[in-house]
Amino acid sequence: MKNLKDTCKLALVQATPVMFDADKCVEKVLKYITECAEQGAELIVFPELFVPGYPYGMTFGFTVGSRNEIGRKDWKTYYDNSILKDGPEMKKIIEAAVRYGVYVSIGYSERDAVTGTLYNSNMMISPTGEALNHRKLKPTGSERVVWGDADKEFFPVMNTPWGPMGNLICWESYMPLARVALYQKGISIYISPNTNDNKEWQDTIRHIAIEGHCYFINCDMYFTKKDYPETFSAAAEIAALPEIVCRGGSCVIDPKGHAVSETIWDKEEIIFATLDMQMVPASKMEHDVCGHYARTDVLQLNVVEK
């Protein structure tokens with residue numbers, strides 16, 4: 001590994017999006033970047049689909065073999081508030097990262113510039129304005145009626161003073177070979193933007209931190225059913241949800257599987273943490289999953305990059 005800067009000052013933003021309103025979501029992102037940077041953050045991480053929110057519980061009128069026109073109206077609203085990876089909304093976020101000299105990771109619903117397909121995406125941004133986009137490889141369950149499978153931008157990794165930084169979105173982390181694709185690139189910071197507040201996930205994140213001997217940044221959202229906008233088709237679906245739809249559970253886990261921060265539930269909060277980056281190479285003494293603990297003569301992963 002290359003030499004790593006000793007510490008990374010992280011701000012993990014567990015926040016509530018302004019559902020289905022891209023402009024207001026971006027406005028909130030910019031306020032958080034300012035607040036975090038002013039408190040000394042060097043890396044600022046936002047949840048999955050923070051722009052324009054995660055439409056948990058909505059069906060958009062899809063049933064097996066059919067869909068309805070009123071649900072299509074809600075999908076079009078969501079489509080209209082999904083953003084281009086190089087559009088004006090993302091440019092504002094990139095400009096803020098450059099202005100404050102920080103790294104930013106932001107989850108968003110990406111609207112393809114050519115086709116009518118949406119992607120569940122995450123953008124990593126450097127203080128120089130470099131922007132690396134990652135599209136979720138396989139939307140989970142009924143997410144597939146909203147977002148398409150990634151067709152490019154599979155495993156981008158950003159070089160940082162703290163080593164290579166990559167991300168997998170929510171249940172992508174349950175794809176063992178996807179994890180290995182990042183491990184092979186030597187990541188020291190593994191970002192997980194997600195909407196996964198179940199207790200089993202808390203076990204998963206510790207396992208991955210130990211497996212990869214990297215810092216696991218577990219960034220979830222907090223939102224309630226009162227945060228949903230008025231819809232054309234989903235009033236009954238939203239009414240049936242619990243008052244707190246997504247509880248959060250954001251936290252930071254070190255390369256030995258230990259908590260660096262408190263785990264935050266049931267509220268919006270910024271988690272500030274200072275990561276001891278020298279723990280990453282030190283932890284690899286007895287286990288380096290793609291180094292001395294690998295058997296490339298027996299097991300190999302070939303990754304398609306595009």
Side-chain angles (χ1 to χ4, degrees), residues 17 19-20 22 25 45-68 71-85 90 105-124 132-156 166-182 190-198 200-201 204-205 208 218-221 223 228 231 233-234 237-238 241 245-246 249 303-306:
M19 300 283 277
F20 290 24
C25 284
V45 178
F46 291 88
E48 174 186 24
L49 293 168
F50 194 73
V51 183
Y54 188 99
Y56 186 98
M58 293 178 61
T59 66
F60 295 95
F62 276 93
T63 56
V64 175
S66 69
R67 45 256 134 233
N68 61 45
R72 192 183 301 276
K73 290 182 179 180
D74 283 328
W75 184 88
K76 182 58 164 54
T77 299
Y78 195 83
Y79 172 90
D80 289 340
N81 283 277
S82 299
I83 64 176
L84 300 171
K85 68 178 182 181
M90 188 59 72
S105 171
I106 177 73
Y108 70 109
S109 180
E110 179 191 351
R111 180 160 42 91
D112 192 272
V114 177
T115 72
T117 298
L118 303 180
Y119 296 95
N120 182 345
S121 297
N122 191 83
M123 186 73 79
M124 296 183 295
L132 298 181
N133 198 48
H134 166 60
R135 289 177 170 176
K136 189 174 183 180
L137 294 169
K138 173 62 70 174
T140 306
S142 295
E143 289 179 358
R144 295 170 202 170
V145 304
V146 182
W147 301 282
D149 290 358
D151 58 347
K152 57 184 176 182
E153 300 167 328
F154 300 140
F155 301 109
N167 71 88
L168 291 178
I169 301 167
C170 204
W171 273 36
E172 281 187 306
S173 287
Y174 284 131
M175 303 173 75
L177 299 184
R179 299 199 305 269
V180 175
L182 288 187
Y190 183 127
I191 295 174
S192 174
N194 66 83
T195 313
N196 199 342
D197 61 359
N198 64 63
E200 295 83 5
W201 180 249
T204 293
I205 65 179
I208 294 173
N218 179 45
C219 191
D220 200 348
M221 279 189 280
F223 59 97
Y228 284 75
T231 66
S233 68
E237 295 168 347
I238 295 167
L241 295 172
V245 179
C246 185
V303 181
V304 175
E305 297 278 5
K306 65 176 181 176

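Computed from a prediction, not measured in an experiment: that's the story for all the values here.
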Under 3.5 Å: donor-acceptor pair, side chain of [X], backbone of [Y]:
| X | Y | result |
| --- | --- | --- |
| Asn218 | Gly249 | yes |
| Asn81 | Ala22 | yes |
| Asp74 | Ser233 | yes |
| Tyr54 | Pro17 | no |
| Glu110 | Lys85 | no |

Could you check whether any side-chain heavy atom of [X] comes within less than 4.5 Å of a side-chain heavy atom of [Y], counting everything from C-beta outward?
| X | Y | value |
| --- | --- | --- |
| Asn120 | Pro139 | no |
| Ser192 | Ile205 | no |
| Leu49 | Trp147 | yes |
| Tyr108 | Met90 | yes |
| Leu168 | Phe155 | yes |
| Phe20 | Tyr228 | no |
| Phe154 | Lys306 | yes |

Between [atom1] of [X] and [atom2] of [Y], what distance do you get to the nearest 0.5 Å?
| X | Y | atom1 | atom2 | result |
| --- | --- | --- | --- | --- |
| Asp80 | Arg111 | CG | CZ | 7.5 Å |
| Leu241 | Cys246 | CG | SG | 11.5 Å |
| Ile191 | Ile169 | CD1 | CD1 | 11.0 Å |

| task | Step by step, work out the side-chain contact (heavy atoms from CB on, under 4.5 Å) result for Val51 and Phe46. | result | CA-CA 10 Å; Val51 183; Phe46 291 88; over 6 Å; no
[X] to [Y] - nearest heavy-atom pair and separation:
| X | Y | value |
| --- | --- | --- |
| Gly166 | Leu182 | C-CD1, 4.3 Å |
| Cys170 | Trp201 | O-CH2, 3.5 Å |
| Gly148 | Tyr119 | O-CD2, 3.5 Å |
| Pro47 | Cys219 | N-SG, 3.4 Å |

| said: Assess, by modelled atom type and distance only, whether the side chains of Thr140 and Tyr174 contain a donor and an acceptor separated by less than 3.5 Å. | reply: no
| Do you see a donor-acceptor pair shorter than 3.5 Å between the side chains of Asp220 and Asn196? | no
| message | Run the salt bridge (charged side-chain N to carboxylate O under 4.0 Å, His left out) test against Arg144 and tell me which residues pass, sequence neighbours left out. | response | none
| If you look only at pairs with a residue in residues 112-121, which of them pass as a salt bridge (charged side-chain N to carboxylate O under 4.0 Å, His left out), with sequence neighbours excluded? |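 Listed by first then second residue: Asp112-Arg135.
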| query | Does Trp75 CH2 have over 12 foreign heavy atoms under 6.0 Å away? | reply | yes
| For Glu48, which of Asn167, Asn122, Thr195 qualifies under side-chain hydrogen bond (donor to acceptor under 3.5 Å, both in side chains)? | Thr195
Would you tabulate the side-chain donor-acceptor contacts of residues 55-63 under 3.5 Å, counting partners in other chains and residues two or more places apart, or write 'none'?
residue, atom, partner, partner atom, Å
Thr59, OG1, Gly61, N, 3.3
Thr59, OG1, Glu237, OE2, 2.6
Thr63, OG1, Ser66, OG, 2.5

